[in-house]
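Only a predicted model underlies this, so the values are computations on that prediction, with no experimental measurement involved.
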Amino acid sequence: MSNVSMWHGVLPAITTPFTADDQVDHVFLAKHAKQMIDAGCRGIVPLGSLGEAATLSFEEKLDILRTLVKALEGRAPVIPGIAALSTREAVKLAKEAKAIGCGGLMVLPPYVYSTDWREMGAHARAVIAATDLPCMLYNNPVAYKTDFAPAQIAELAAEFPNLQAVKESSGDVRRFAGIRALLGDRLQLLVGMDDAIVEGVAMGAVGWIAGLVNAYPKESVKLFELARDGGPKAAESLYNWFLPLLRLDTVPTFVQLIKLVQEKTGMGSERVRAPRLPVAGAEREQALKIIDHAIAIKPAV
């Protein structure tokens, strides 16, 4: 698989399954990853926000990568999120990911701490420089309080040939045009918010780091292909069905909600790791209304 094609298509931000005693369920993880690739996804992105990476130990992260690399057997790249409290640990994780056999890296800002471009840029540089693996910068200022502006992304792209892509989750679709204006086709652009996929593809995105794909892999791949090949009009009908579910990806309890959709569709369990708890009360009732309605009217793809 070429470096360019690695970033094209649907790449699930795969959830981390847990057993009843709060251990990582490696058997299901392997099965689930294969299901994603069998449905037409192009790679697997573990250890992201949706993967509850902040609650995983360093060794648990490595074990997850080993499981995924072994399960996929070279069929598709494993592209882990690289995030930590310290730059030192992030660099170590990047190097271990390469040694395990991962095909690329998704580079995140550090957990918790966020200040200015001098420090955040230094962190990103250290992680990107840690290996020669193809890297995708993850911009999610809502979650991580660090906003990589187009000019800053261009600065990193000029310095590092192995920075090949950007996962854009600022919520501002204009960012795609801003990055393209400075860099042309130098970087591959990917959508990181589920409910902006059609708009992002219309603005030049070639890939989707998807969340609800964990419950609806075939539908996610079909939606992406319709948006890519036919534009918003071609994707309109499927998008209208999917949007209420896709919007579950953009609220604080998105991990719990997406795992709830997985459980309702027979694609996983809603178990999460504390301090997260399964959604309850009015929030759960409203989510189940959305999920049950989507299941009832799901179109054939």
Side-chain angles (χ1 to χ4, degrees), residues 7 11 13-14 16 45-58 60-61 64-65 79-98 102 104-131 133-160 162-172 175-176 178-179 182-183 187-194 196 200 205 207 209-211 249-252 254-255 275-276:
W7 309 111
L11 294 90
I14 198 167
T16 300
V45 181
L47 310 186
S49 309
L50 184 54
E52 299 175 73
T55 66
L56 298 170
S57 71
F58 191 84
E60 283 180 319
K61 291 179 180 181
I64 285 169
L65 299 186
I79 307 167
I82 304 297
L85 288 170
S86 69
T87 301
R88 178 181 180 181
E89 183 172 315
V91 166
K92 183 179 179 182
L93 180 58
K95 291 179 177 179
E96 292 285 355
K98 179 182 178 180
C102 294
L105 305 175
M106 180 172 71
V107 180
L108 285 75
Y111 295 136
V112 182
Y113 184 69
S114 178
T115 57
D116 57 15
W117 169 237
R118 183 177 73 91
E119 290 185 324
M120 297 298 96
H123 176 87
R125 286 182 171 91
V127 178
I128 296 169
T131 75
L133 288 177
C135 289
M136 170 176 60
L137 185 68
Y138 182 11
N139 185 44
N140 188 338
V142 176
Y144 293 101
K145 313 307 177 188
T146 294
D147 190 1
F148 294 112
Q152 295 165 348
I153 294 169
E155 189 176 318
L156 293 174
E159 188 173 344
F160 296 100
N162 64 318
L163 178 59
Q164 298 183 352
V166 177
K167 175 186 176 184
E168 172 52 45
S169 297
S170 68
D172 183 356
R175 286 296 184 91
F176 290 106
I179 295 168
L182 291 177
L183 290 166
L187 294 178
Q188 306 295 300
L189 304 179
L190 294 93
V191 176
M193 300 178 74
D194 276 4
I209 311 296
D249 181 54
T250 57
V251 297
F254 73 106
V255 175
R276 288 185 176 88

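- Across all their heavy atoms, A83 and K61 have their closest contact at O-NZ, 3.3 Å.
- With rounding to the nearest 0.5 Å, the separation of NZ in K167 from CG in L189 is 14.0 Å.
- The shortest distance between side-chain heavy atoms of L65 and L47 falls below 4.5 Å.
- Annotation: side chain of Y138 is not in contact with side chain of F148 (no heavy-atom distance under 4.5 Å).
- Between T250 and D194, every side-chain heavy-atom pair lies at or beyond the 4.5 Å cut-off.
- Distance check, rounded to the nearest 0.5 Å: CD1 of I209 to CH2 of W7 gives 7.5 Å.
- Although no hydrogens or angles enter the test, the distance criterion places no donor-acceptor pair under 3.5 Å between the side chain of E89 and the main chain of S86.
- A heavy-atom distance below 4.5 Å is found between the side chains of L105 and P80.
- A pairwise comparison of heavy atoms in S169 and N140 identifies O-OD1, 3.8 Å as the closest pair.
- In this structure a side-chain-to-backbone donor-acceptor pair under 3.5 Å is missing from T131 to K98.
- To the nearest 0.5 angstrom, Q188 atom CD is 12.0 Å from I179 atom CD1.
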Next on the checklist: Applying side chain to side chain contact (heavy atoms under 4.5 Å, CB included) to N139 and R175, what does each step give before you reach the verdict?
Outcome noted: CA-CA 10 Å; N139 185 44; R175 286 296 184 91; 3.5 Å; yes
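- In this structure, the side chains of N162 and L133 stay at 4.5 Å or more apart for every pair of heavy atoms.
- Shortest non-hydrogen contact noted between L156 and A124 is CD1-CB, 4.1 Å.
- Atom CD of E119 sits about 9.0 Å away from atom OG1 of T87, to the nearest 0.5 Å.
- Between L137 and L187 there is no side-chain heavy-atom pair separated by less than 4.5 Å.
- A pairwise comparison of heavy atoms in A165 and L190 identifies CB-CD1, 3.6 Å as the closest pair.
- The NE2 atom of H123 sits 9.0 Å away from atom OG1 of T146, with the distance rounded to the nearest 0.5 Å.
- Inter-residue side-chain proximity for E155 and R125 is flagged as met; some heavy-atom pair is nearer than 4.5 Å.
- Considering only heavy atoms from C-beta on, V166 stays 4.5 Å or farther from F176 through its side chain.
- Pairing each heavy atom of A157 with each of L183, the nearest pair is CB-CD2, 4.1 Å.
- When all heavy atoms of G200 and V191 are compared, the pair lying nearest together is CA-CG2, 3.7 Å.
- Of the inter-residue distances, the one linking E60 atom CD with T16 atom OG1 reads 9.0 Å to the nearest 0.5 angstrom.
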